[in-house]
Amino acid sequence: MATEAEFRKAVEDVRSAKSASQAQLLGLYASFKQATDGNVKGKQPSRLQIRNRAKYDAWAKLKGMSKEAARANYIKIANAILNRAKL
């Protein structure tokens, strides 16, 4: 599993990435929220709030995932983005 230090480094590194797909960005968001806040909270936004609903839904898919697994998932997505950016 990923350590807190590895997770924080990946968070900092991925901020400079310019080429990430929407799916990767949602994955990063959901993994970050799961790693820092745990399971999704609150009501699902309405369908008219497209962006907020997509973020909520991505986070809700990770419900039950441990914080350690979410950190590892975040690092995996961040590495995929950063490796693609180097090409």
Side-chain angles (χ1 to χ4, degrees):
M1 289 292 151
T3 67
E4 184 70 25
E6 292 170 327
F7 174 67
R8 292 293 168 200
K9 181 174 180 344
V11 169
E12 289 301 317
D13 291 347
V14 82
R15 286 186 179 168
S16 65
K18 304 266 188 268
S19 59
S21 69
Q22 287 296 328
Q24 287 173 320
L25 291 174
L26 282 173
L28 285 173
Y29 173 82
S31 296
F32 181 87
K33 293 296 279 182
Q34 188 71 20
T36 58
D37 295 341
N39 289 332
V40 69
K41 299 169 184 67
K43 274 180 40 180
Q44 182 183 41
S46 80
R47 288 184 226 184
L48 300 176
Q49 296 177 328
I50 296 168
R51 185 178 185 156
N52 290 338
R53 182 154 179 156
K55 290 165 68 172
Y56 181 96
D57 290 346
W59 185 9
K61 287 180 184 176
L62 301 183
K63 187 174 184 178
M65 180 183 277
S66 71
K67 290 186 176 195
E68 293 79 20
R71 284 195 301 255
N73 193 48
Y74 185 97
I75 291 169
K76 178 180 151 191
I77 297 168
N79 286 338
I81 293 169
L82 294 170
N83 288 337
R84 190 175 96 191
K86 290 178 184 176
L87 297 177

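None of Arg8, Lys9, Arg15 except one satisfies the side-chain hydrogen bond (donor to acceptor under 3.5 Å, both in side chains) rule with Glu12; the exception is Arg15. Remark: of the listed residues Asn79, Leu25, Ile81, Ile81 is the sole one forming a side chain to side chain contact (heavy atoms under 4.5 Å, CB included) with Val14.
A donor-acceptor contact shorter than 3.5 Å links the side chain of Glu6 to the backbone of Thr3. Remark: the backbone N or O of Leu28 is not paired with any side-chain donor or acceptor of Ser31 at under 3.5 angstrom.
Clustering ILVMFWY residues whenever any of their side-chain heavy atoms sit less than 4.5 angstrom apart, transitively, puts Leu26 in a cluster other than the one holding Ile77.
Between Asp57 and Lys61, no side-chain nitrogen of the basic residue sits less than 4.0 Å from a carboxylate oxygen of the acidic one, so the salt-bridge criterion is not met.
Aromatic ring orientation, Tyr74 versus Phe7: perpendicular (interplanar angle above 60°, classes split at 30° and 60°).
When all heavy atoms are compared, the tightest approach of Gln24 to Ala80 is NE2-CB, 4.3 Å. When every heavy atom of Ala69 is checked against every heavy atom of Ser66, the shortest pair comes out as N-OG, 3.0 Å.
Annotation for Lys41: atom NZ counts as buried by contact number, over 12 foreign heavy atoms lying within 6.0 Å.
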Checklist entry - Given Asn39 and Trp59, is the side-chain contact (heavy atoms from CB on, under 4.5 Å) satisfied, shown in steps? => result CA-CA 8 Å; Asn39 289 332; Trp59 185 9; 5.9 Å; no

Item to check | salt bridge (charged side-chain N to carboxylate O under 4.0 Å, His left out) between Arg71 and Glu4, intermediate numbers included | outcome: CA-CA 8 Å; Arg71 284 195 301 255; Glu4 184 70 25; 3.2 Å; yes

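The distance from the CG atom of Leu62 to the NZ atom of Lys67 is 13.5 Å, given to the nearest 0.5 Å.
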